[in-house]
Amino acid sequence: EPEVTQTPSHQVTQMGQEVILRCVPISNHLYFYWYRQILGQKVEFLVSFYNNEISEKSEIFDDQFSVERPDGSNFTLKIRSTKLEDSAMYFCASRGGTVLNTEAFFGQGTRLTVV
Amino acid sequence: AQSVTQPDIHITVSEGASLELRCNYSYGATPYLFWYVQSPGQGLQLLLKYFSGDTLVQGIKGFEAEFKRSQSSFNLRKPSVHWSDAAEYFCAVGAIAAGNKLTFGGGTRVLVKP
């Protein structure tokens with residue numbers, strides 16, 4: 001069964017460092033998303049990506065964040081200068097290419113710990 | 001703006017008993033509704049979804065949910081809970097107009113007593 005794959009599963013980084021979270025979406029999907037879940041809180045939308053550009057982003061997704069689909073298979077989330085409050089589980093999701101195909105498939109997540 | 005409320009933060013249920021998790025949503029048009037389950041340390045697994053048509057939808061693991069437009073609700077049910085159902089359950093609403101981003105409720109943590 002096709003699945004969304006995220007690496008690494010856990011990353012620890014020092015405050016102020018740059019991190020890149022990687023995702024391999026399901027191969028024929030066209031819509032890609034990043035969500036995050038701070039410990040004990042709800043899952044929050046960060047950004048959606050379609051046709052090689054951001055289609056929507058939340059208030060959380062400020063200038064410190066960027067996304068890229070560098071090679072047609074990977075989908076990355078970069079945080080330029082991490083803050084303690086960026087510690088969270090980050091989920092990548094992908095969705096098929098039709099309007100009716102609204103089911104998003106989620107990866108297992110990357111737990112980011114900023115120290 | 002779309003929003004989802006899950007009124008129950010924790011629910012404890014005995015194994016074999018029935019389970020109902022509440023979800024209320026706010027959205028201006030017909031929503032797409034989802035229930036996801038998250039086991040400890042795991043990702044989000046889709047249990048079931050509602051797009052249109054029959055308001056009672058069946059999902060995996062013996063779960064079902066009923067869409068009630070008049071009550072803006074999409075409650076999740078299971079007739080007989082198994083110990084492996086202990087997890088956190090998230091209701092979510094999505095909409096085409098918003099690029100199908102999902103808005104999640106706060107989640108309900110289910111504990112199963114032997």
Side-chain angles (χ1 to χ4, degrees), chain A residues 1-7 9-10 21 23 25-26 29-51 53-61 67 88-111, chain B residues 1-10 21 23-27 29-53 57 59-60 65 67 74 87-109:
Chain A
E1 184 175 325
E3 59 180 16
V4 176
T5 306
Q6 290 185 244
T7 55
S9 57
H10 192 182
L21 310 183
C23 170
I26 294 172
H29 283 185
L30 299 179
Y31 297 84
F32 313 108
Y33 307 85
W34 283 100
Y35 292 81
R36 80 172 184 189
Q37 183 184 29
I38 295 173
L39 188 64
Q41 298 186 22
K42 64 171 65 176
V43 178
E44 303 172 287
F45 167 78
L46 290 178
V47 65
S48 57
F49 191 86
Y50 170 72
N51 199 25
E53 60 183 22
I54 291 173
S55 47
E56 186 176 357
K57 58 185 181 180
S58 71
E59 292 176 352
I60 303 167
F61 195 89
V67 289
M89 180 76 92
Y90 288 81
F91 292 107
C92 172
S94 70
R95 184 171 68 81
T98 67
V99 164
L100 291 180
N101 193 340
T102 63
E103 175 181 337
F105 292 81
F106 283 78
Q108 294 291 89
T110 293
R111 180 164 298 286
Chain B
Q2 54 204 63
S3 67
V4 178
T5 301
Q6 293 179 246
D8 304 303
I9 297 174
H10 292 103
L21 304 182
C23 171
N24 293 99
Y25 69 89
S26 172
Y27 182 63
T30 300
Y32 292 167
L33 294 159
F34 307 84
W35 275 99
Y36 285 86
V37 61
Q38 183 181 31
S39 297
Q42 300 297 309
L44 297 163
Q45 182 183 23
L46 182 69
L47 284 176
L48 48 76
K49 59 195 177 191
Y50 171 78
F51 295 156
S52 65
V57 293
I60 62 171
F67 170 60
F74 188 57
E88 187 145 23
Y89 293 79
F90 292 94
C91 181
V93 62
I96 291 178
N100 277 309
K101 72 175 184 183
L102 296 177
T103 298
F104 286 84
T108 298
R109 184 168 298 280

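Letters A, B, ... are given to chains in the order of the sequence lines, protein chains preceding strands, and every chain is numbered from 1.
Ring orientation note: the planes of A:F91 and A:F106 are nearly perpendicular, at an angle over 60° on the 30°/60° scale.
Both the backbone and the side chain of B:L44 come within contact range of chain A, each with at least one heavy atom under 4.5 Å from a heavy atom of that chain. For chain B, the nearby part of A:Q37 is the side chain; its heavy atoms alone come within less than 4.5 Å.
Nearest heavy-atom pair, B:F34 versus B:Y36, reported as atom, atom and distance to 0.1 Å: CB-CE1, 3.7 Å.
Among B:Y27, B:F74, B:F51, the single residue meeting the side chain to side chain contact (heavy atoms under 4.5 Å, CB included) criterion with B:L33 is B:F74.
At a threshold of 4.0 Å, the pair A:E103-A:R95 does not count as salt-bridged, since none of the basic side-chain nitrogens sits closer than that to a carboxylate oxygen.
The greatest number of non-hydrogen atom pairs below 4.5 Å with chain A, out of B:Q38, B:R109, B:E88, B:Q45, is found for B:Q38.
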